[in-house]
Amino acid sequence: ELKVEQNPLFLSMQEGKNYTIYCNYSTTSDRLYWYRQDPGKSLESLFVLLSNGAVKQEGRLMASLDTKARLSTLHITAAVHDLSATYFCAVPSGTYKYIFGTGTRLKVLA
Amino acid sequence: GAVVSQHPSRVICKSGTSVKIECRSLDFQATTMFWYRQFPKQSLMLMATSNEGSKATYEQGVEKDKFLINHASLTLSTLTVTSAHPEDSSFYICSAPPPSGVYEQFFGPGTRLTVL
């Protein structure tokens, strides 16, 4: 059974600081997705990682995938308050059936 | 990009009543759609896979008689929560994979169900 774990579960950080969120999964997959969720809202797609070694960057966020280690990271550079949200990674089980990580609730303090 | 809509966005109902939630793919056809449930401050849990023209596939632990899924057309799947109880209060999100060649699926805006 595929399990997807994230850490940390909660993250409170000061504006301007850097931090990394980790996503570990238990079975082989060559794809991984990162999403952002604001309170009361659905998911916003951040990154689609389709192969080992994939690295994508958008603004202050950068995501990478190591399929051999079954690990993905979401790195935050110089955090700003607007990045406060919950971040989920998701791994496909089958073609489109997703198993979501536990989520990381990020709070960026001014 | 591809869009998935849900209706209603919020619903409040009394315990014991049934509630129907619609999920539509707006500019593409979806033979498969997925239904997720999210309790407050928790992750999304897959409930079932909705298959156009055939029975839905339910995940372990999800009561198929309580959560009725109908995928009557290539653009519409419905989830009916029958005899709803307060513990069914949750955020329900559907998703649909787009046409082939795009390696991600699209999520609806979600439906907040509150059962009194």
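Numbered from 1 within each chain, the chains take letters A, B, ... in sequence-line order. Quick note: numbers below take in every heavy atom, side chains included, and nothing from hydrogens, waters or symmetry partners.
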**OP:** Any chance you could measure Leu44(B), atom CG, to Thr102(A), atom OG1, to the nearest 0.5 Å?
**Re:** 12.0 Å
Original post:
When you look at NZ of Lys17(A), are more than 12 heavy atoms from neighbouring residues, nucleotides or ligands closer to it than 6.0 Å?
Top reply: no
Subject >> Distance-minimising heavy-atom pair for Ser43(B) and Gly101(A) >> reply: OG-O, 2.5 Å
Original post:
Using 30° and 60° as the class limits, which term best fits the ring planes of Phe107(B) and Tyr35(A): parallel, tilted or perpendicular?
Top reply: perpendicular
Subject >> Cluster link Leu11(A) to Leu61(A), ILVMFWY, side chain under 4.5 Å >> reply: yes
Subject >> Segment of Gln38(B) engaging chain A (4.5 angstrom heavy-atom cut-off) >> reply: side chain
Original post:
Tell me, side chain or backbone of Leu46(B) under 4.5 Å from chain A's heavy atoms, or both, or neither?
Top reply: side chain
**OP:** Kindly work out whether a path of hydrophobic side-chain contacts (I/L/V/M/F/W/Y, heavy atoms less than 4.5 Å apart) joins Val115(B) to Tyr92(B).
**Re:** yes
Subject >> Closest heavy-atom pair and its distance - Gly40(A), Phe91(B) >> reply: O-CZ, 4.0 Å
Original post:
Measuring heavy-atom distances to chain B, does Ser45(A) have an atom under 4.5 Å in its side chain, in its backbone, in both, or in neither?
Top reply: side chain
Original post:
Checking heavy atoms, do the side chain of Glu59(B), its backbone, both or neither come under 4.5 Å from chain A?
Top reply: side chain
Subject >> Within one Ile-Leu-Val-Met-Phe-Trp-Tyr cluster: Ile21(A) and Phe47(A), side-chain cutoff 4.5 Å >> reply: yes
Subject >> Minimum side-chain heavy-atom gap Phe34(B)-Tyr98(A) below 4.5 Å >> reply: no
**OP:** Please look at Gln37(A) and chain B and tell me whether the side chain, the backbone, both or neither of the residue comes under 4.5 angstrom of a heavy atom of that chain.
**Re:** side chain
Original post:
With a cut-off of 6.0 Å (strictly less than), are more than 12 heavy atoms of other residues, nucleotides or ligands near CD of Glu15(A)?
Top reply: yes
Original post:
Taking atom CE of Met13(A) as the centre, does the number of heavy atoms from other residues, nucleotides or ligands within less than 6.0 Å exceed 12?
Top reply: yes
**OP:** Verify the cluster assignment for Tyr87(A) and Val80(A): are they in a single hydrophobic cluster under the rule of side-chain heavy atoms below 4.5 Å apart?
**Re:** yes
Original post:
Say you draw a straight line from CD of Glu104(B) to CG of Leu50(A); how long is it, rounded to the nearest 0.5 Å?
Top reply: 9.0 Å
Original post:
Near Tyr58(B) OH, under 6.0 Å, is it more than 12 heavy atoms from other residues, nucleotides or ligands?
Top reply: yes
Subject >> Heavy-atom pair with the smallest gap, counting every atom of Gly110(B) and Ser42(A) >> reply: N-CB, 4.3 Å
Subject >> Closest-packed option against chain B by number of heavy-atom pairs under 4.5 Å, given Lys97(A), Arg31(A), Lys41(A) >> reply: Lys97(A)
Original post:
Are Leu65(A) and Val4(A) grouped together when hydrophobic residues (ILVMFWY) are joined by side-chain heavy atoms under 4.5 angstrom apart?
Top reply: yes
